[in-house]
Amino acid sequence: METKIYSIEDLQEAAQAIKAGKLVAFPTETVYGLGADATNEQAVKQVYLAKGRPSDNPLIVHVASLAMVEQYAAEIPAKARALMKEFWPGSLTIILKIKPNTLSKAVTGGLDTVAFRFPANQATLDLIKQAGVPLVGPSANTSGKPSPTTANHVFHDLNGKIAGILDDGPTRVGVESTVLDLSTAQPVILRPGAVTKAAIERVIGSIELNHHKVKQDEIPKAPGMKYKHYAPNAQVYIVDPGSDWDRVATWIKAQPGTVGVMATAAVFATTDFPLNAEHFSLGTDVVSAAHLLFDGLRAFDQQPEIKQIVVQGFANDGLGAAYMNRLNKSAGGTHWGQAD
Ligand code: TXA
Ligand code: MG
């Protein structure tokens, strides 16, 4: 199968492919998603195959109207309505109880809930409207790898496995949506994203962050908890905020091969890195760093001689909570300085 790159002008063709049960990757403001008709069980099953994703890890359902949520949710509680009004379209995914016998098990992984997202990307909202059905949309990467923030990243992972990719340039945010479980009495953030805990609490009051670890034989309640995530082939080290970058540079010099360095321009301007350091700038702050994190990890993954990558950490709040959550997973929790 040849994977087509659709431009925004080809939207109709992309919508036809979705209607025909084919897979089309789509842009969102967070990362690219792997789209299929959420009401077509065969198409949804193909999504798991193309990604190599375990079938008990449920998919997000992308909608372009409140009516689409009403069609598949058992009910929309007042808190959910308030959050939708405030943050949709945008990077907040909301989990609600499913209306029985609507979406297939392939979508929900057998749970009695479903995750809804109204992405802030006009082309994708148009695609959903033209297809006339909601789209499942896991991040359009091979399972375990960093999520794709460009059409090129998607092409790299899924060329030949999907019908097409709707290209709308690089995504703005760069890390996936906040996942909020509103299916139980106490709302819980299952995955931090650009819509922060504080922002949600301003609308609905106090919520929890999930720290529950999922066992291998359990259905994951929290996204991605039991699977390897965002992992390039090289070992990733987190450089904690406040670390002395001169010491990092000295450590790099003593390493046998090339070491990838992902840090802000300010760090590169003030640190004398040795010749075996390969630079990738994360820009100016945590916003640009979140935008570029997966791009940098993927860029270094293309260079087999890089066996180690050090990545700048940020304070664990606001967007930093989302950034550090992804960085922690890609590093398997390893911090520089504890390394040897
Ligand atoms: O920003 C995003 O959310 C992107 C774009 C494409 O929309 N999508 C995305 O999908 O990140 P995915 O499948 O890579 O991550 C969604 C996470 C999964 O880890 C899954 O476990 C969780 O959401 N999830 C989905 N439905 C759920 C449910 N009913 N209950 C609990 N977790 C759920
Ligand atoms: Mg993903």
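Just follow the structure's listing: the first ligand is 1, and inside any ligand the first atom is 1.
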Does the plane of the ring in F280 sit parallel, tilted or perpendicular to the ring in F300? Use 30° and 60° as the thresholds. perpendicular
Side-chain donor or acceptor of Y32 paired with backbone N/O of I165 under 3.5 Å: no
Show the atoms of ligand 1 that are less than 4.0 angstrom away from any heavy atom in T113. 28 (C), 29 (N), 30 (N)
Return yes or no for this condition: an N or O of Y32 is under 3.5 Å from an N or O of ligand 1. no
Is it the case that the side chains of S183 and D181 hold a donor-acceptor pair, with the cut-off being a distance below 3.5 Å and no angle test? yes
Report yes if R53 has an N/O atom closer than 3.5 Å to an N/O atom of ligand 1; otherwise report no. yes
For ligand 1, is L190 a contact, meaning one of its heavy atoms is under 4.0 Å away? yes
For P119, state whether at least one heavy atom is located under 4.0 Å from any atom of ligand 1. no
Numbering the atoms of ligand 1 from 1, which are under 4.0 Å from a heavy atom of S177? 1 (O), 2 (C), 3 (O)
Is the NZ atom of K197 crowded by more than 12 outside heavy atoms at less than 6.0 Å? yes
Proximal ligand 1 atoms for I60, defined as those under 4.0 Å from one of its heavy atoms: 3 (O), 8 (N), 9 (C), 10 (O), 16 (C)
How about S139: does one of its N, O or S atoms come closer than 2.8 Å to the Mg ion (ligand 2)? yes
Enumerate the atoms of ligand 1 whose separation from the nearest heavy atom of N57 is less than 4.0 angstrom. 18 (C), 19 (O), 20 (C), 21 (O)
For atom 7 (O) of ligand 1, which of the options R191, H62, E29, K97 provides the nearest non-hydrogen atom? H62
To the nearest 0.5 Å, atom OG1 of T178 lies from atom CZ of R191 at 8.0 Å
The atoms of ligand 1 lying under 4.0 Å from a heavy atom of L111, numbered in the order shown, are 28 (C), 29 (N), 30 (N)
Between E13 and K22, is there a side-chain N and carboxylate O pair less than 4.0 Å apart? no
Quick one: which ligand 1 atoms are inside 4.0 Å of a heavy atom on G137? 6 (C), 8 (N), 9 (C), 10 (O)
Going by distance only, is there an N or O of E176 that falls short of 3.5 Å from an N or O of ligand 1? no
Taking H62 as the fixed residue, which of F26, F118, Y72, F116 is the one that meets the ring pair (Phe, Tyr, Trp, His ring centres under 6.0 Å) rule? F26
Below 4.0 angstrom from a heavy atom of G33, which ligand 1 atoms are there? Numbered from 1 as shown, please. 6 (C)
Test: R81 and E70 ion pair at under 4.0 Å: yes
Check this for me, if you would: do R326 and E176 make a salt bridge, where the nitrogen-to-carboxylate-oxygen distance has to be below 4.0 angstrom? yes
